[in-house]
Number of protein chains: 2
Amino acid sequence: MEDHEGRGSSAEGLSAGRETVARRPVTLADVAREARVGESTVSRVLRSHGSFSERTRAQVEAAVARLGYVPNRIAGTLASTGSRLIGIVIPSLSNIVFPDLLRGATGALDAEGFQSVIAVTDYDEEREEALVASLLSWRPAGLIVTGLEHTPGTVRRLTASGVRVAELLDIDGPGLDIVVGYSNRSAGETSARYLVARGYRRIAYLGHDLTRDRRAGKRYAGFRAALAEAGLPLHAEERIAAPSSVEAGRNGLAALLGRAPDCDAVYFSNDDMALGGYFHCLAAGLTVPDRLALFGYNGLDVGRLMPQPLTTIRTPRVEAGATAARLLCNDAPATVVDLGFELITGATA
Amino acid sequence: MEDHEGRGSSAEGLSAGRETVARRPVTLADVAREARVGESTVSRVLRSHGSFSERTRAQVEAAVARLGYVPNRIAGTLASTGSRLIGIVIPSLSNIVFPDLLRGATGALDAEGFQSVIAVTDYDEEREEALVASLLSWRPAGLIVTGLEHTPGTVRRLTASGVRVAELLDIDGPGLDIVVGYSNRSAGETSARYLVARGYRRIAYLGHDLTRDRRAGKRYAGFRAALAEAGLPLHAEERIAAPSSVEAGRNGLAALLGRAPDCDAVYFSNDDMALGGYFHCLAAGLTVPDRLALFGYNGLDVGRLMPQPLTTIRTPRVEAGATAARLLCNDAPATVVDLGFELITGATA
DNA sequence: TTGAAAGCGCTAACAC
DNA sequence: GTGTTAGCGCTTTCAA
């Protein structure tokens, strides 16, 4: 049903609303003329850099206001050295983790007076290479990328550019410059040990496309390794050949239980998947955690608010974005920042 | 609990990993010299614009490859007219609606060879003004902003700049240039009529901060108007003085029912709130929809996957982002595009 | 088909 | 404290 009048696109030329005269934009030279001072004086006043009299400042500001001058940062950047732009490359916008990262980064960035150009790879490393190349052509002060795995071409461009780089959300491996995140492998291990300690023995894994999401792959590896250490096999597993989603979690758990009905716990590749799994349990009348225990990853708000709070691992992704942004803006030395993670004991495992 | 070794930040100077030599970046002039042609020739070849021999093209490309030349778009933009940059201003990254919008926009944008600079206002119109001013200084080809309500200062800057503007996610009011979205007011009306038609009579509203989220305010107004038309009062209402969230929905519903236990239906300001409300019902043992019906807004995936699918309205926000981006890139005439919305009849109302 | 040269709007020396 | 000037790296006439 759709009761909304006028669906579809209706074009109405609002020519009255738009300026047709192509005025030449106001430049710094115009301001200088108007204020009867030199261009460099205007520049100094505008950036409050160097010295000038109070009187001059007033004149310049009056002229700026009268003319409605808007500085041209393109020109400013070209003339000066650095660009006050940071490029951010993330794999997806559909998983709230990345908007969170972005939120941390943009927050810190504009506290420092920087702006961000963003690019989305869809978990495609070839695309990442193209996007990095494209971002680099804006001569950004720095680049924030996700993860430590990149094509050789990406690495070459990155190092050749001399631009500062921060790699985020993973510290399991060598980085190029600044690395900010936490150990996914260790998170996987922690999850397995927790389930084992709780007495679960027929533990299954439900995940999404691990070849594209490298960090999920590292958690999986850590999880399996810790199970093995405890002398347990992975009782069953299901991989959805798609990005993680609530839907994949719900349908995936149904499929998994179809093949291995006797699992007593499931480790999900993340909270979205786990939420879907929880919905399946509710719909199918499976008691959580007695009949089946559920364990997620990320510590999303929604997990905390389920009728039974989700047992999961909270990751400081907003902080990771903010930390990386701050380090880049201040041109900090190359470093690895391990933000750690936190096990959240809920009621589902 | 935190079993991860090495929490906290550990700095390790990886000086070996970084280039210390401050090489001058390769410029177009270097390529010209290397290829033994003029600069303008290189420029033409690189943008495949104008004419040049096959032989020249090969020489230039070889030189580019040999030197690892990366064009400088800052310089390119300054020298030419247009900037192939689109500024995007959204109120939040916490509500998945805006990442969705962003996803639509960035997808279309890079199909057109444009890049996006984003800014987040946190639902603050003063901040929007500052961010618009800041984005404008990059001389973008266009700006995408959210909603139709802006401070006079924002409007002045926008119109004075001569830059194309697309206002998104709302069509209830006059726009400045391009407007792409749907009627929030009408969505509110549709929701009310649906609940009334289903026989609910003691209908309540649970919302978040409506003075900041103008679109939620318009839905609320439409909702109330349609109830009044049906001769019904709003049975009760609760407003959380915070952004919408699952938590606000869950706690808010508990509060609302505390004061008005006899409601038979609740209209939520959006799906996040409704999901929280649903969780409250599950936790409190309230049968949905018999004891209490729930109605949301946005049509998020998660709503479709709840044990009982959420009754809601689906909004084409990805399409809105994509449509706006496409119109801006192609410098389309001012227009209003009504994308409509769709009522999703779930099992909660 | 190609090259020389004049900017684009600003910043940063460097004189005054 | 302030103005003059030479670029920043590219695009774009305009001749050749």
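Just so it is clear: chains get the letters A, B, ... in the order the sequence lines come, proteins before strands, and each one is counted from 1. The structure displayed is predicted, hence computed values, not measured ones.
When the P atom of dA6(D) is taken as reference, atom CD of E39(A) falls 13 Å away, rounded to whole Å. The nearest whole Å value for the distance from the CZ atom in R33(B) to the P atom in dG9(D) is 12 Å. Spacing between atom CD1 of I74(A) and atom C1' of dG7(C) amounts to 17 Å, rounded to whole angstrom units. Summarising the geometry, the separation between CZ on R73(A) and C1' on dG9(C) is reported as 15 Å, rounded to the nearest angstrom. When the C1' atom of dT2(C) is taken as reference, atom CZ of R47(B) falls 15 Å away, rounded to whole Å. Atom-to-atom, CZ of R55(B) to P of dT1(C) comes out at 14 Å; the value is rounded to the nearest Å. Rounded to an integer number of Å, the gap from L28(B) CG to dG9(D) C1' is 8 Å. Between the C1' atom of dG9(D) and the CH2 atom of W138(A) lies a distance of 13 Å, rounded to the nearest Å.
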**Request:** Apply the test salt bridge (Lys or Arg N to Asp or Glu O under 4.0 Å) to residues R214(B) and E125(B): give CA-CA distance (whole Å), side-chain angles for both, the deciding distance (0.1 Å), then the verdict.
**Result:** CA-CA 11 Å; R214(B) 306 293 197 108; E125(B) 291 181 0; 3.1 Å; yes

**Request:** Dump the intermediate steps for side-chain contact (heavy atoms from CB on, under 4.5 Å) on V163(A) and L158(A), then the final yes or no.
**Result:** CA-CA 7 Å; V163(A) 166; L158(A) 246 23; over 6 Å; no

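Judged by closest nucleotide on DNA chain D, G38(A) is the one of G38(A) and N72(B) placed further toward the 5' end. Heavy-atom distances to DNA chain C give each of S53(B) and S80(B) a nearest nucleotide, and the one nearer the 5′ end belongs to S53(B).
Across all strands shown, R44(B) has heavy atoms under 4.0 Å from base atoms, whether or not it also approaches the sugar-phosphate. Residue T77(A) is classed as having no contact, given no heavy-atom separation below 4.0 Å to the nucleic acid.
One finds the CD atom of E129(A) at 6.5 Å from the CZ atom of R156(A) (value rounded to the nearest 0.5 Å).
Between dC10(C), dT2(C), dT12(D), one nucleotide has an atom nearer to the side chain of S51(B) than all others, and that is dT2(C). With dT2(D), dT11(D), dC10(C) as the candidates, the nucleotide lying closest to the side chain of F52(A) is dT2(D).
In terms of phosphate contacts, T56(A) brings a side-chain nitrogen or oxygen within less than 4.0 Å of OP1 or OP2 of dT2(D). For the OP1/OP2 pair of dT11(D) and a distance below 4.0 Å, the side-chain nitrogens and oxygens of S43(B) include at least one atom meeting the criterion.
One donor-acceptor pair, N or O on each side, does fall under 3.5 Å between the base of dG3(C) and the side chain of S40(B). No N or O donor and acceptor, one from the side chain of R24(B) and one from the base of dG9(D), sit under 3.5 Å apart.
Side-chain N or O atoms of T323(A) include one that pairs as donor or acceptor with a backbone N or O of E319(A) at under 3.5 Å.
Here the options are L168(A), T121(A), V89(A), the test is side chain to side chain contact (heavy atoms under 4.5 Å, CB included), and the partner is V145(A); only V89(A) passes.
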